[in-house]
Amino acid sequence: RHHIAGVGYWTGLFCEDYNIWARIDPLLGFLRGAIEAAGRQPLVPRLECVDEAPDGTFTAFFGYDNQNGISLGLPHGRRNRLAADGAGVRPELFAPGEQPWQFALPFSAGQRLSWELQGPVGPRRVARASAASPRCACTAACDAALAAECNPGIFTREVCVAECQTFAQLFAGCQAEVDVYWSCVAGVAPDASNWICDPSFLPQAAPPSCEAEFFGALACAGYL
């Protein structure tokens with residue numbers, strides 16, 4: 001009995017519609033190498049930064065770098081260990097490439113976190129976090145945004161910190177300009193007239209507040 005398998009490039013609006021299939025012969029070298037070397041390349045956990053909240057509590061943000069060409073599954077256990085993660089928020093499926101800001105974990109001032117990963121091949125790798133770890137940027141800006149009177153109240157500090165750090169990655173080489181913008185946002189008063197609030201995104205400083213600083217960052221990054 002014969003079977004045909006393919007990689008769907010376009011499968012129509014419904015399964016019964018026409019299909020377009022991708023040619024994989026140009027990718028066979030990559031596919032073969034990815035499969036044959038599955039799990040042989042490093043899987044590296046990493047600490048992105050630590051946020052210190054006004055109440056003295058801390059939150060560690062973790063990501064990872066999977067240098068294999070395919071996803072790796074590592075269930076929670078001895079190969080994917082983080083004792084403080086009682087809720088199991090860390091991933092068990094690791095997509096290829098760099099994957100920052102995958103999860104956040106709160107901890108106390110005297111506590112130390114150690115996330116240990118060991119892929120199918122290679123040594124165990126560890127990412128550690130403590131109160132002395134490098135701090136996240138933009139936390140003061142997040143505090144100001146979350147304090148906005150029009151804030152719908154559905155966003156957490158952890159979400160805000162992760163989003164603004166991702167935002168900063170769009171401005172490579174312009175961290176000083178981005179810091180100036182965040183510093184301006186941190187000083188915006190909570191009055192609703194100073195903010196743009198919508199349930200679909202975090203509160204944003206309403207122009208003209210911080211407009212010049214934002215355009216300065218855009219110009220530095222070459223977007224203007």
Side-chain angles (χ1 to χ4, degrees), residues 42-67 74 76 80-117 124-148 151 154-188 201-205 210 213-214 216-218 220-221:
L43 174 61
V44 184
R46 68 186 189 196
L47 173 69
E48 305 294 347
C49 64
V50 164
D51 172 33
E52 182 178 4
D55 62 1
T57 60
F58 296 84
T59 301
F61 293 85
F62 290 96
Y64 64 85
D65 178 18
N66 177 8
Q67 299 176 21
L74 283 182
H76 296 163
N80 182 0
R81 182 183 302 168
L82 178 50
D85 182 19
V89 297
R90 67 192 186 279
E92 293 184 291
L93 181 65
F94 297 84
E98 294 191 13
Q99 306 292 337
W101 308 101
Q102 290 299 298
F103 69 98
L105 197 65
F107 66 100
S108 60
Q111 191 176 7
R112 295 178 181 272
L113 305 181
S114 295
W115 185 25
E116 304 177 25
L117 286 180
R124 184 181 304 272
R125 292 174 168 84
V126 184
R128 295 181 173 87
S130 71
S133 297
R135 292 293 188 266
C136 302
C138 77
T139 54
C142 279
D143 289 338
L146 295 174
N151 179 16
I154 60 176
F155 300 102
T156 65
R157 181 185 173 94
E158 289 79 10
V159 168
C160 182
V161 171
E163 285 197 7
C164 70
Q165 299 285 165
T166 303
F167 166 81
Q169 295 174 4
L170 301 174
F171 296 83
C174 301
Q175 188 61 52
E177 288 74 11
V178 173
D179 288 342
V180 169
Y181 169 66
W182 282 337
S183 178
C184 177
V185 172
V188 176
F201 56 82
L202 286 156
Q204 307 292 315
C210 306
E213 291 79 2
F214 180 62
L218 288 175
C220 173

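These numbers come from a predicted model, not from an experiment. Values reported hereafter were calculated over all heavy atoms of this structure, with side chains retained and with hydrogens, waters and symmetry mates removed.
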(request) Measure the spacing between CD of Glu163 and CD of Glu158 and express it to the nearest 0.5 Å. (result) 12.0 Å
(message) With a 4.5 Å cut-off on side-chain heavy atoms, are Trp182 and Thr139 touching?
(response) no
(message) Strictly distance-based, threshold 3.5 Å: is any side-chain N or O of Gln165 a donor or acceptor partner for the main-chain N or O of Ala137?
(response) yes
(message) How about Cys138 and Cys160 - are their SG atoms less than 2.5 Å from one another?
(response) no
(request) Looking only at non-hydrogen atoms, find the nearest pair between Pro54 and Asp143 and report the distance. (result) CG-OD2, 4.0 Å
(request) Indicate the atoms forming the closest heavy-atom contact of Thr166 with Trp101, along with that distance. (result) OG1-CD1, 3.8 Å
(request) Quick one: closest heavy-atom pair of Ser133 and Ala129, and the distance? (result) OG-CA, 3.5 Å
(request) Mark yes or no for whether Gln204, through its side chain, and Leu202, through its backbone, hold a donor-acceptor pair below 3.5 Å. (result) yes
(message) With rounding to the nearest 0.5 angstrom, report the CD to CD distance, Glu48 to Gln102.
(response) 8.5 Å
(request) Say whether, by atom type as modelled, one donor and one acceptor occur between the side chain of Asp65 and the main chain of Val44 under 3.5 angstrom. (result) no
(message) Looking at every heavy atom in both Ala217 and Glu177, which two are closest together, and how far apart are they?
(response) CA-CB, 3.9 Å
(message) So which atom in Leu82 and which in Ser114 form the shortest heavy-atom distance, rounded to 0.1 Å?
(response) CD1-O, 3.1 Å
(message) Side chains of Phe58 and Arg135, heavy atoms from C-beta outward: is any pair under 4.5 Å?
(response) yes
(request) Let me know which of Leu43, Leu117, Asp85 forms a side-chain contact (heavy atoms from CB on, under 4.5 Å) with Asn80. (result) Leu117
(message) Would you say that more than 12 heavy atoms from the other residues, nucleotides or ligands in this model lie under 6.0 Å from the CZ of Arg112, or not?
(response) no
(message) Is the ring pair Phe103/Phe62 parallel, tilted or perpendicular, if the boundaries are 30 and 60 degrees?
(response) parallel
(request) Compare every heavy atom of Gly63 with every heavy atom of Trp115, then report the nearest pair and how far apart it is. (result) CZ3-O, 3.3 Å
(request) With rounding to the nearest 0.5 Å, note down the distance linking CZ in Phe94 to CD in Gln99. (result) 10.5 Å
(message) Closer than 3.5 angstrom, by distance alone: can the side chain of Glu92 be matched with the main-chain N or O of His76 as a donor-acceptor pair?
(response) yes
(message) Any heavy-atom pair between the side chains of Val185 and Phe214 that's under 4.5 Å?
(response) no
(request) Calculate, to the nearest 0.5 Å, the distance between atoms CG and CZ belonging to Leu47 and Phe61 respectively. (result) 10.0 Å
(message) Can you confirm whether Leu146 sits close enough to Arg157 that some side-chain heavy atom of one is under 4.5 Å from a side-chain heavy atom of the other?
(response) yes
(message) Tell me whether Cys142 and Cys164 have SG atoms closer together than 2.5 Å.
(response) no
